[in-house]
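In what follows, chains carry the letters A, B, and so on, assigned in the order in which the sequence lines appear, proteins first and then strands, with residues in each chain numbered from 1. Quick note: numbers below take in every heavy atom, side chains included, and nothing from hydrogens, waters or symmetry partners.
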2 protein chains.
Amino acid sequence: MTEDRKTIRQMCEEFDVTPRTLRFYEAKELISPLREGQKRLYGKRSQARLKLILQGKRFGFSLEEIRQLLDLYYIGDQRRTQMTKTYDLAVERLSAMKQQRAELDTTIAEFEKQLQWGANFIADLTAKEAAE
Amino acid sequence: MTEDRKTIRQMCEEFDVTPRTLRFYEAKELISPLREGQKRLYGKRSQARLKLILQGKRFGFSLEEIRQLLDLYYIGDQRRTQMTKTYDLAVERLSAMKQQRAELDTTIAEFEKQLQWGANFIADLTAKEAAE
DNA sequence: ACGTCTCTTTACGTTAACGTCATGGTCACC
DNA sequence: GGTGACCATGACGTTAACGTAAAGAGACGT
């Protein structure tokens, strides 16, 4: 028993979110912390899920999409049909991510070229003004 | 004169957006089409900008951020101070994008591992049921 | 007992990025 | 000269993802 249950405040500091955010995620059934009386206690599982949620957000997934992805990580005892559906969804998502990475690659490349051009432009401006 | 001014409807079809979206972008000063009487006419510049806007959106930039980035592409006659500021902003953004790509890479990797695990899990389930 | 934290729930407010009418002008076509 | 088709400008509605304020319970120090 690794005894690492954290209060809401501890969670907020560790993951840099507000209490409201955590309660919001709970309302959306993304996390389900334990209760000690009234107070929420976030165990290991909740912490791991929150980490995944924040990861997902950084890649532009909506909370609803993230909720579905979480099912992949925490399967448990579902029926296979349901699982397969989730799995298929994940496969799609993965290919979307690869597609996105490809686009990101070319965008970065173009962007770097553009930046180089911008740098030259600024250099030109500076030269001109020095010459006056 | 390449005479490729398009109406709002033509733009919508070509870029798969609604008229409302184009007017909205205009209100936010992201595009400024010409006018023929009352009607909007989108020239080459507007088309190029729209393309960039949609690109930016796919990478999670907000419209406001995109507006700033567009200044980098269409500089014109600004003062150097302003330019340099914009340039610096772009450099930051580029490094953010590279960072994002790195994260994306590891996420894809983890995700693939997880998917493999999920596939095995499903396979197990199937085997069990077949055995019953 | 009192004040002060930290937690709780409930509920209304906010921002971005449009969607969705409602209303009205203009032009070609029949 | 009416009737669509396409355009315009308001102006109000919508969704996601929280923010923020109100009101109250429980534990703790003095």
Side-chain angles (χ1 to χ4, degrees), chain A residues 3-43 46-47 49-71 89 93 96 100, chain B residues 3-43 46-47 49-71 89 93 96 100:
Chain A
E3 281 289 358
D4 54 356
R5 290 143 201 276
K6 297 179 179 164
T7 83
I8 200 171
R9 193 60 56 177
Q10 292 173 318
M11 287 291 281
C12 290
E13 282 170 20
E14 175 153 355
F15 292 96
D16 191 33
V17 294
T18 71
R20 166 71 218 204
T21 298
L22 291 180
R23 298 194 189 103
F24 182 73
Y25 289 166
E26 187 175 345
K28 289 292 172 106
E29 298 181 47
L30 289 164
I31 313 183
S32 29
L34 316 167
R35 294 295 181 120
E36 187 178 61
Q38 279 286 50
K39 316 217 166 153
R40 291 169 170 80
L41 279 187
Y42 297 84
S46 293
Q47 294 176 41
R49 288 179 74 99
L50 179 55
K51 191 176 162 189
L52 288 171
I53 293 170
L54 298 179
Q55 270 242 355
K57 286 205 57 182
R58 283 208 303 281
F59 291 102
F61 295 99
S62 77
L63 290 184
E64 175 55 26
E65 288 172 323
I66 290 174
R67 203 181 57 72
Q68 306 202 24
L69 286 177
L70 282 176
D71 291 347
L89 199 155
R93 188 82 57 201
Q100 180 179 345
Chain B
E3 281 289 357
D4 55 353
R5 288 141 202 274
K6 296 179 179 162
T7 84
I8 200 172
R9 193 59 57 175
Q10 291 172 318
M11 289 290 281
C12 290
E13 283 171 18
E14 175 153 354
F15 292 97
D16 191 36
V17 294
T18 71
R20 165 73 215 198
T21 298
L22 292 179
R23 299 194 188 105
F24 182 73
Y25 289 166
E26 186 176 345
K28 290 290 172 111
E29 297 181 47
L30 288 165
I31 313 183
S32 29
L34 315 168
R35 293 296 182 120
E36 187 179 62
Q38 280 286 49
K39 317 222 163 146
R40 283 168 238 264
L41 280 187
Y42 297 84
S46 293
Q47 295 176 41
R49 288 178 75 98
L50 178 56
K51 191 175 162 190
L52 288 171
I53 292 169
L54 298 178
Q55 270 240 359
K57 287 205 56 183
R58 283 209 302 281
F59 291 102
F61 295 98
S62 76
L63 291 184
E64 175 54 26
E65 289 172 322
I66 291 174
R67 204 180 57 72
Q68 307 202 23
L69 286 177
L70 281 175
D71 292 346
L89 199 156
R93 188 81 57 199
Q100 180 180 345

Less than 4.0 angstrom between a side-chain N/O of [X] and OP1 or OP2 of [N], yes or no?
X     : N      : answer
A/T21 : D/dA17 : no
B/K57 : C/dC18 : yes
B/R9  : D/dC7  : yes
B/T7  : D/dC7  : yes

Open item on the list: Rounded to whole Å, how long is the line connecting atom OH of B/Y25 with atom P of C/dA16?
Closed with: 14 Å
Open item on the list: Rounded to whole Å, how long is the line connecting atom CZ of A/R67 with atom P of D/dA16?
Closed with: 12 Å
Task: Candidate list A/M11, A/Q10, A/R5, test side chain to side chain contact (heavy atoms under 4.5 Å, CB included), partner A/Y42, passing option - done: A/M11
TODO: Give B/R23 one of three labels, base, sugar-phosphate or nothing, depending on what nucleic acid heavy atoms sit under 4.0 Å from its own.
DONE: base
Task: Closest-nucleotide ordering on DNA chain D, the 5'-leading residue of A/K39 and B/R20 - done: B/R20
Open item on the list: I want to confirm an ordering. Mapping A/Q38 and A/T18 to their closest nucleotides on DNA chain D, which one lands closer to the 5' end?
Closed with: A/T18
Open item on the list: With a 4.0 Å cut-off on N to O distance, would you call A/R23 and A/E26 a salt bridge?
Closed with: no
Task: Check: A/Q47 side chain, A/D4 main-chain N or O, donor-acceptor pair, under 3.5 Å - done: yes
